[in-house]
Number of protein chains: 2
Amino acid sequence: MTRQEATQRTAQRAAQRTPLNRERVLRAAVALADTTGIDALSMRRLAQELDVVPMALYKHVANKEELLDGMTDAVVGEIDPPGPGPDWRHVVRARILSARRVLLRHPWAARVIESRTGPTPAVLEYLDSTAGIFREGGLSADLTHHVMHAMGSRLLGFSQELFATPGPSEPGEASGPPDPGLAERYPYVAELAAASHDGDSAVGGGCDDQFEFEFALDLLLDGFERLRERGWTSAR
Amino acid sequence: MTRQEATQRTAQRAAQRTPLNRERVLRAAVALADTTGIDALSMRRLAQELDVVPMALYKHVANKEELLDGMTDAVVGEIDPPGPGPDWRHVVRARILSARRVLLRHPWAARVIESRTGPTPAVLEYLDSTAGIFREGGLSADLTHHVMHAMGSRLLGFSQELFATPGPSEPGEASGPPDPGLAERYPYVAELAAASHDGDSAVGGGCDDQFEFEFALDLLLDGFERLRERGWTSAR
DNA sequence: ACCTGAACACCGTTCAAGT
DNA sequence: ACCTGAACACCGTTCAAGT
């Protein structure tokens with residue numbers, strides 16, 4: 001094949017394929033992770049899947065971390081929004097079970113989501129609307145704060161909180177841009193953050209991780225003890 | 001430097017350093033992960049830290065996965081054994097808080113432990129002795145089984161069970177070697193496994209993940225509702 | 001101005017050549 | 001027989017050369 005023929009072939013391939021965009025990159029990445037596993041997902045392999053040179057991906061995602069962020073949002077976006085209903089427990093239950101079904105469809109997603117250094121927009125949206133169910137069900141902001149922490153904790157030693165809380169920032173020193181729209185877009189999350197420290201209105205401030213951990217632990221232990229007293233047994 | 005000089009230097013370095021062994025490799029790996037993070041831990045970097053050629057590591061660990069297994073065992077081994085005490089809740093509480101302190105010392109460990117495809121010996125030991133606290137505290141084997149699952153679950157969508165249960169094996173077809181010593185070494189784990197399926201005595205058989213998930217979820221939700229009714233508030 | 005092939009600085013692991 | 005340097009088949013990402 002002459003050099004000219006090779007150039008023509010490249011041009012033909014470019015003409016045939018639908019032009020790349022962020023959406024198509026993310027969809028292909030999710031599909032590739034679903035079928036081959038997250039370890040086999042590389043920028044080079046993904047580019048190959050899309051019949052594209054590796055560098056072409058960098059026009060739509062800044063780097064691999066941003067690709068994983070995008071994949072997280074794509075997956076979390078699959079979770080059903082909260083349904084209507086007078087009973088907050090039924091609504092939460094259906095929501096969490098929907099999330100579980102989504103994560104079972106994408107076995108790599110839980111680890112990827114937990115590896116994000118900060119919550120992505122879709123995750124924030126998910127947390128916010130879930131907190132909203134509790135609040136509208138009559139739980140106080142304070143209780144909702146601890147309830148959300150408890151839902152995200154894993155007590156058997158092998159646990160960190162859902163997202164590492166940033167270190168306590170110096171008073172009066174904002175950590176990064178204040179992002180004034182955040183409280184409007186995610187009112188319940190903002191409320192949770194506000195409930196976590198006395199009188200300070202900055203979002204994303206320090207949570208008392210130790211307290212949250214012990215809250216969830218004690219709540220579960222009390223529940224276990226109650227079942228024990230009752231002589232509880234599963235219907236098997 | 002002549003070739004001969006270089007050879008002499010290599011020989012001197014080899015004479016000076018204490019000979020490598022698995023223990024020293026694992027300790028160095030844990031220290032390196034502690035100080036530089038898990039992403040910076042590579043076989044090559046670890047070898048460099050030990051003043052050794054990369055291939056030398058492969059005499060003490062088969063590959064990187066086995067290195068991570070060894071690091072897991074080293075860290076889980078730091079958790080205090082269960083103390084004495086008449087109240088199982090106090091004993092469990094102290095144990096879990098000890099585990100938490102260990103994982104806070106090694107921030108990379110939780111993710112590494114959860115990424116192991118199977119439980120390492122120290123993890124099995126930890127799970128077994130923890131289950132033992134419940135059993136000796138008077139909880140039934142059935143209840144202890146579900147309690148252990150609940151302690152390892154993370155409900156806020158972002159959750160898989162602690163270790164993926166192997167797919168249901170064909171009846172009468174053992175998945176891998178039966179490992180007859182397992183039930184003796186880890187009696188409570190064996191008991192848990194036995195409690196998870198009706199009459200079948202094979203260890204490590206199928207758990208009803210869906211049931212375990214909903215058990216933990218409902219237990220927490222009931223706890224939340226009780227707090228809500230009480231108008232609970234944290235002392236802040 | 002735009003695109004991209006080659007290059008860079010890494011990986012984990014294999015293997016054959018050298019002592 | 002043993003050890004290990006070089007090599008292999010990958011990475012994510014940079015950058016300059018080419019059109």
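The basis for the numbers below is simple: all heavy atoms, side chains too, and nothing from hydrogens, waters or symmetry mates. In what follows, chains carry the letters A, B, and so on, assigned in the order in which the sequence lines appear, proteins first and then strands, with residues in each chain numbered from 1.
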Problem set entry | Under 4.0 Å protein heavy-atom contact, by nucleotide of nucleotides 6-12 of chain C - B base, S sugar-phosphate only | -B---BB

For this session: Could you list all the salt bridge (Lys or Arg N to Asp or Glu O under 4.0 Å) pairs where at least one residue sits in residues 25-39 of chain A, not counting sequence neighbours?
Result: A:E23-A:R27

Exercise. Does A:Q48 have any side chain to side chain contact (heavy atoms under 4.5 Å, CB included) partners at least two apart in sequence or in another chain, and if so, which?
Worked result: A:R45

Problem set entry | Pairwise P distance for D:dG18 and C:dC8, with rounding to whole Å | 15 Å

Exercise. When you compare C:dT19 with D:dA7, how far apart are their P atoms, in angstrom units rounded to a whole number?
Worked result: 16 Å

Problem set entry | Residue list, salt bridge (charged side-chain N to carboxylate O under 4.0 Å, His left out) with B:R105, at least two apart or on another chain | B:E78

Exercise. For the residue pair B:I79 and B:S98, what are the closest heavy atoms and their distance?
Worked result: CG2-OG, 3.8 Å

Problem set entry | Shortest non-hydrogen contact between B:Y58 and B:A62, atoms and distance | CD2-O, 3.4 Å

Exercise. Minimum heavy-atom separation for B:L41 to B:A29, with atom names?
Worked result: CD1-O, 3.8 Å

Exercise. Any idea which heavy atoms bring B:I38 and B:M71 closest together, and the distance?
Worked result: CD1-CE, 4.4 Å

For this session: List in numerical order all residues of residues 25-34 of chain B for which some heavy atom is under 4.0 Å away from an atom belonging to DNA chain D.
Result: none

Problem set entry | B:R44: salt bridge (charged side-chain N to carboxylate O under 4.0 Å, His left out) partners, not counting sequence neighbours | none

Seminar exercise, completed: In DNA chain C, stems of three or more consecutive pairs, Watson-Crick or G-U, each with both distances under 3.5 Å, turn out to be C:4-8 with D:12-16, C:12-16 with D:4-8

Problem set entry | With sequence neighbours excluded, residues passing side chain to side chain contact (heavy atoms under 4.5 Å, CB included) with A:A74 | A:V30

For this session: Name all pairs fulfilling the salt bridge (Lys or Arg N to Asp or Glu O under 4.0 Å) condition that reach into residues 60-70 of chain A, sequence neighbours left out, sorted by first residue then second.
Result: A:R22-A:E66, A:E65-A:R116, A:D69-A:R116

Problem set entry | Any residue meeting side chain to side chain contact (heavy atoms under 4.5 Å, CB included) with A:A56, in chain and number order, not counting sequence neighbours | A:L20, A:V52, A:V53

For this session: Could you pull out the closest heavy-atom pair between A:P82 and A:I133, with the gap in Å?
Result: CB-CD1, 3.8 Å

For this session: Please identify each residue that fulfils salt bridge (charged side-chain N to carboxylate O under 4.0 Å, His left out) with B:R93, with sequence neighbours left out.
Result: A:E214, A:D218

Kindly give the atom pairs (protein nitrogen or oxygen, nucleotide nitrogen or oxygen) under 3.5 Å for nucleotides 1-3 of chain C.
from  : atom 1 : to    : atom 2 : distance (Å)
C:dC3 : OP2    : A:K59 : NZ     : 2.8

